[in-house]
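In what follows, a single structure is set out as structure tokens and then discussed.
Sequence lines set the chain letters: A, B, ... in the order given, protein chains first and strands last, and positions in each chain run from 1.
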Number of protein chains: 2
Amino acid sequence: MKSLDEQSRILKAIAHPHRMEIIRRLKGDGCNVSEIQKNMGLPQSTISHHLLIMKNAGILSSRRNGTTVCYSIQIEEVKEILDILSGV
Amino acid sequence: MKSLDEQSRILKAIAHPHRMEIIRRLKGDGCNVSEIQKNMGLPQSTISHHLLIMKNAGILSSRRNGTTVCYSIQIEEVKEILDILSGV
DNA sequence: AAATAACATTCTGATAATATAATATTATGA
DNA sequence: TCATAATATTATATTATCAGAATGTTATTT
């Protein structure tokens with residue numbers, strides 16, 4: 001079991017509207033980053049930055065696939081947390 | 001259903017080790033603030049500050065009871081989230 | 001009303017988070 | 001190897017958070 005400190009680091013990495021939306025989009029069709037970026041209408045560097053924050057927190061992993069990079073959710077619990085929140 | 005912005009505000013208010021510990025203590029025996037403060041070994045103003053942050057986010061409510069103030073958890077989902085996290 | 005207990009608020013410097021422009025990297029195709 | 005697409009990194013200015021000391025408030029007891 002992770003320490004409170006580690007647990008709160010995970011939470012912190014989720015606790016941002018843009019990042020919550022990114023996670024939600026990754027939950028569905030998966031990894032198409034540039035599509036997410038277009039749909040969210042944010043600069044590419046901003047999206048990339050948020051992705052990095054979540055990757056550093058261990059929430060996401062990435063694998064390159066030719067010129068694109070595919071992100072996916074590593075910590076299943078994160079999905080549950082978002083589901084709970086959406087019912088609040 | 002709350003907006004992503006509101007949802008992330010709730011998460012943000014939880015995403016701190018001290019605050020997670022406070023919530024955990026409130027889950028059990030409830031509201032005795034000064035006891036929590038002693039157990040956590042933090043200055044009273046620091047605890048009070050964290051309590052206010054969570055109250056402003058709507059997570060906690062408080063009612064005065066003579067000279068003491070009793071805090072309790074308002075958003076049940078917060079407990080679930082902590083439970084999920086503790087299993088990560 | 002003075003003393004005390006239990007909290008809350010204000011203030012301050014320190015640190016961290018945010019957004020985005022600019023630039024760099026990596027991979028593919030002509 | 002040039003051009004282009006997709007993504008990452010760096011740099012920077014702005015804003016938000018943190019901890020805790022100092023001080024203020026509210027309620028009780030005598």
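When every heavy atom of B:L4 is checked against every heavy atom of A:P17, the shortest pair comes out as CD1-O, 3.8 Å.
Proximity note for A:T46 (side chain, C-beta onward) versus C:dA19, C:dC7, D:dG20: the nearest is C:dA19. Among the nucleotides D:dA8, C:dA8, C:dT9, the one closest to the side chain of B:L52 is C:dT9. Between D:dA21, C:dA19, D:dT26, one nucleotide has an atom nearer to the side chain of B:R64 than all others, and that is D:dT26. With C:dA5, C:dT28, D:dA8 as the candidates, the nucleotide lying closest to the side chain of A:T67 is C:dT28. Looking at the side chain of B:H16, the nearest of the listed nucleotides C:dA19, C:dC7, D:dC18 is D:dC18. Side-chain proximity of B:V33 to D:dA8, C:dA19, C:dC7: nearest is C:dC7.
Side-chain contact of A:S61 with A:K55: a donor-acceptor pair under 3.5 Å is absent, judged by distance alone. Inspection of the A:Q37 and A:S34 side chains reveals no N or O donor paired with an N or O acceptor under 3.5 Å.
Using a 4.0 Å cut-off between a side-chain N of Lys or Arg and a carboxylate O of Asp or Glu, B:K27 and B:D83 qualify as a salt bridge. Ion pairing between a basic and an acidic side chain is recognised when a charged N comes within 4.0 Å of a carboxylate O; A:K79 and A:E76 show such pairing.
Atoms NZ (A:K38) and P (D:dT7) sit 8 Å apart, rounded to a whole Å. Distance, A:R63 CZ to D:dT7 C1': 16 Å, rounded to whole Å. Per the geometry, CE belonging to A:M40 stands 13 Å off P belonging to C:dT18, to the nearest Å. Remark: C1' of C:dA17 and CG of A:L11 are 16 Å apart, rounded to the nearest angstrom. Per the geometry, CG belonging to B:D5 stands 13 Å off P belonging to D:dA16, to the nearest Å. Atom-to-atom, CG of B:L60 to P of C:dA8 comes out at 11 Å; the value is rounded to the nearest Å. Atom CD1 in A:I53 sits about 16 Å away from atom C1' in D:dT7, given to the nearest Å. Atom CG of B:N65 and atom C1' of D:dT26 are 13 Å apart (whole Å).
One N or O donor and one acceptor, one from the side chain of A:Q44 and one from the base of D:dA8, sit under 3.5 Å apart. You'll find a donor-acceptor pair under 3.5 Å spanning the side chain of B:S45 and the base of D:dA21, going by distance alone.
Residue B:I47 is classed as having no contact, given no heavy-atom separation below 4.0 Å to the nucleic acid. Using a 4.0 Å heavy-atom criterion, one finds that A:S34 contacts the sugar-phosphate atoms exclusively. Across all strands, B:T68 comes closer than 4.0 Å only to sugar-phosphate atoms, never to a base (heavy-atom distances).
A close approach under 4.0 Å does not occur between any side-chain nitrogen or oxygen of B:H49 and OP1 or OP2 of D:dT17. Taking side-chain N and O atoms only, A:Y71 has a distance below 4.0 Å to OP1 or OP2 of D:dA8. In terms of phosphate contacts, B:H18 brings a side-chain nitrogen or oxygen within less than 4.0 Å of OP1 or OP2 of D:dA19. Side-chain N/O atoms of A:H50 include one lying less than 4.0 angstrom from OP1 or OP2 on C:dA19.
Taking for each of A:K12 and A:G66 the nucleotide of DNA chain C with the nearest heavy atom, the 5'-most of the two is the partner of A:K12.
With A:V33 as the partner, the side-chain contact (heavy atoms from CB on, under 4.5 Å) test is satisfied by one option alone out of A:L26, A:I22, A:L51: A:L51.
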